A.B. asks: 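Below you'll find the structure I mean.
Just so you know, these numbers come straight off a predicted model, no measurement behind them.
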Amino acid sequence: MKNDISKLNKRQIEAFIMGVQETFERGDFIDERKELEWIVTEIPSAWSIKAFWVKAVTRFPKDNPMTDKDDIYHYDDYYFQILTAQSKRKLCAEIIDCIEYVNSNEFNEN
């Protein structure tokens with residue numbers, strides 16, 4: 001059996017990403033306020049993967065429902081592509097690099 005990701009479909013790639021994330025979180029947690037999401041897109045001979053998260057929130061006082069402003073969410077993303085001929089190990093390494101990048105960014109709330 002080949003160890004490449006050529007036989008995986010989108011749902012399997014998403015499940016693989018979530019499995020790597022859950023395994024990673026056994027030793028180090030991702031701040032839940034960041035609301036990390038994964039977007040997987042199939043392109044010819046590769047997968048395009050984007051991590052999308054909240055990096056900051058600007059909060060406004062809630063005094064008067066008629067004049068109150070909604071909180072403003074600020075987002076960031078991390079993008080990578082992986083060829084379908086590459087291994088699951090390579091995909092795992094890319095996912096971990098991405099999660100470490102997300103964790104290295106401090107969440108700001110003001």
Side-chain angles (χ1 to χ4, degrees):
M1 180 175 166
K2 287 180 147 184
N3 196 27
D4 66 30
I5 60 172
S6 65
K7 302 291 184 206
L8 300 180
N9 62 37
K10 181 179 177 178
R11 190 156 42 185
Q12 291 169 321
I13 294 287
E14 291 168 339
F16 186 86
I17 290 169
M18 295 312 296
V20 171
Q21 181 177 332
E22 287 175 14
T23 301
F24 180 90
E25 288 183 333
R26 288 183 185 150
D28 193 6
F29 290 95
I30 299 169
D31 188 338
E32 290 179 359
R33 297 174 299 175
K34 292 183 179 178
E35 301 177 17
L36 176 61
E37 292 183 36
W38 299 92
I39 300 167
V40 178
T41 308
E42 186 174 9
I43 56 176
S45 301
W47 290 97
S48 169
I49 300 172
K50 181 179 182 180
F52 189 69
W53 72 94
V54 177
K55 70 176 184 175
V57 177
T58 304
R59 304 249 184 232
F60 294 101
K62 306 292 184 207
D63 298 328
N64 181 340
M66 297 301 286
T67 60
D68 286 348
K69 291 173 108 178
D70 290 335
D71 295 340
I72 299 173
Y73 290 82
H74 308 274
Y75 297 91
D76 203 351
D77 61 10
Y78 183 99
Y79 170 81
F80 65 93
Q81 284 186 355
I82 186 158
L83 299 174
T84 56
Q86 290 182 305
S87 69
K88 292 175 186 170
R89 181 174 288 164
K90 173 67 174 164
L91 176 57
C92 183
E94 291 285 348
I95 295 165
I96 289 172
D97 286 348
C98 178
I99 292 171
E100 287 176 345
Y101 179 79
V102 171
N103 270 354
S104 71
N105 288 270
E106 186 176 322
F107 183 84
N108 296 306
E109 189 169 4
N110 52 21

A.B. asks: Would you sort out whether Asn9 and Gln12 count as a side-chain contact (heavy atoms from CB on, under 4.5 Å), showing the intermediate values?
C.D. replies: CA-CA 5 Å; Asn9 62 37; Gln12 291 169 321; 3.3 Å; yes
A.B. asks: Indicate, with yes or no, if Val54 and Tyr101 share a hydrophobic cluster defined by side-chain heavy-atom contacts under 4.5 Å among Ile, Leu, Val, Met, Phe, Trp and Tyr.
C.D. replies: no
A.B. asks: Quick check on the hydrophobic clustering: are Phe107 and Phe24 connected, directly or via other members, by side-chain heavy-atom contacts under 4.5 Å?
C.D. replies: no
A.B. asks: For the CZ atom of Arg89 and the CG atom of Asp4, what is their distance to the nearest 0.5 Å?
C.D. replies: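 Interatomic distance, Arg89 CZ to Asp4 CG, rounded to 0.5 Å: 13.5 Å.
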A.B. asks: When you compare the side chain of Leu91 with that of Ile13, does any pair of heavy atoms fall below 4.5 Å?
C.D. replies: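 Counting from C-beta outward, Ile13 and Leu91 do come under 4.5 Å.
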A.B. asks: Report whether Val102 and Val57 are members of the same hydrophobic cluster (ILVMFWY, side-chain heavy atoms less than 4.5 Å apart, transitive linking).
C.D. replies: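 The answer is no; the residues belong to distinct hydrophobic clusters.
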A.B. asks: What's the spacing between Ile30 CD1 and Glu25 CD if we round to 0.5 Å?
C.D. replies: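 Answer rounded to 0.5 Å: 4.0 Å.
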A.B. asks: Go through the steps to decide whether Trp47 and Thr84 satisfy the test side-chain contact (heavy atoms from CB on, under 4.5 Å), and finish with yes or no.
C.D. replies: CA-CA 7 Å; Trp47 290 97; Thr84 56; 3.8 Å; yes
A.B. asks: To the nearest 0.5 Å, how far apart are CD1 in Ile17 and SG in Cys92?
C.D. replies: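 Those atoms lie 11.0 Å apart.
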A.B. asks: Hey, mind stepping through Phe16 and Ile95 against side-chain contact (heavy atoms from CB on, under 4.5 Å) and telling me if it holds?
C.D. replies: CA-CA 10 Å; Phe16 186 86; Ile95 295 165; 4.0 Å; yes
A.B. asks: Roughly how far, to the nearest 0.5 Å, is CH2 of Trp53 from CG of Asn103?
C.D. replies: 10.0 Å
A.B. asks: Is it the case that atom CD in Glu109 sees more than 12 heavy atoms from other parts of the structure closer than 6.0 Å?
C.D. replies: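 Yes, enclosed.
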A.B. asks: Output yes when a side-chain donor or acceptor of Lys62 lies under 3.5 Å from a complementary backbone atom of Lys69, and no otherwise.
C.D. replies: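 Between the backbone of Lys69 and the side chain of Lys62 there is a qualifying donor-acceptor contact (under 3.5 Å).
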A.B. asks: Please list all pairs meeting side-chain hydrogen bond (donor to acceptor under 3.5 Å, both in side chains) that have one or both residues in residues 73-82, counting only residues at least two apart or in different chains.
C.D. replies: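 Non-adjacent pairs meeting side-chain hydrogen bond (donor to acceptor under 3.5 Å, both in side chains): Ser48-Tyr79, Lys50-Asp77, Thr58-His74, Tyr79-Gln81.
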A.B. asks: Hey, could you give me the CG/CG distance between Asn105 and Asp31, rounded to the nearest 0.5 Å?
C.D. replies: 11.5 Å
A.B. asks: Look up atom NZ in Lys10 and atom CD in Glu14, then write down how far apart they are to the nearest 0.5 Å.
C.D. replies: 5.0 Å
A.B. asks: Does Ile39 share a hydrophobic cluster with Ile99, counting links as ILVMFWY side-chain heavy atoms below 4.5 Å and allowing steps through other members?
C.D. replies: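 No, separate clusters.
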A.B. asks: List the steps and the verdict of side-chain contact (heavy atoms from CB on, under 4.5 Å) for Glu94 and Ile49.
C.D. replies: CA-CA 10 Å; Glu94 291 285 348; Ile49 300 172; over 6 Å; no
A.B. asks: Could you list the residues that satisfy side-chain contact (heavy atoms from CB on, under 4.5 Å) with Ala46, not counting sequence neighbours?
C.D. replies: Ile43, Leu83
A.B. asks: Leu36 and Ala51: which non-hydrogen atoms are nearest, and at how many Å?
C.D. replies: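 Scanning both residues completely, I find the closest heavy atoms to be CD1-CB, 3.8 Å.
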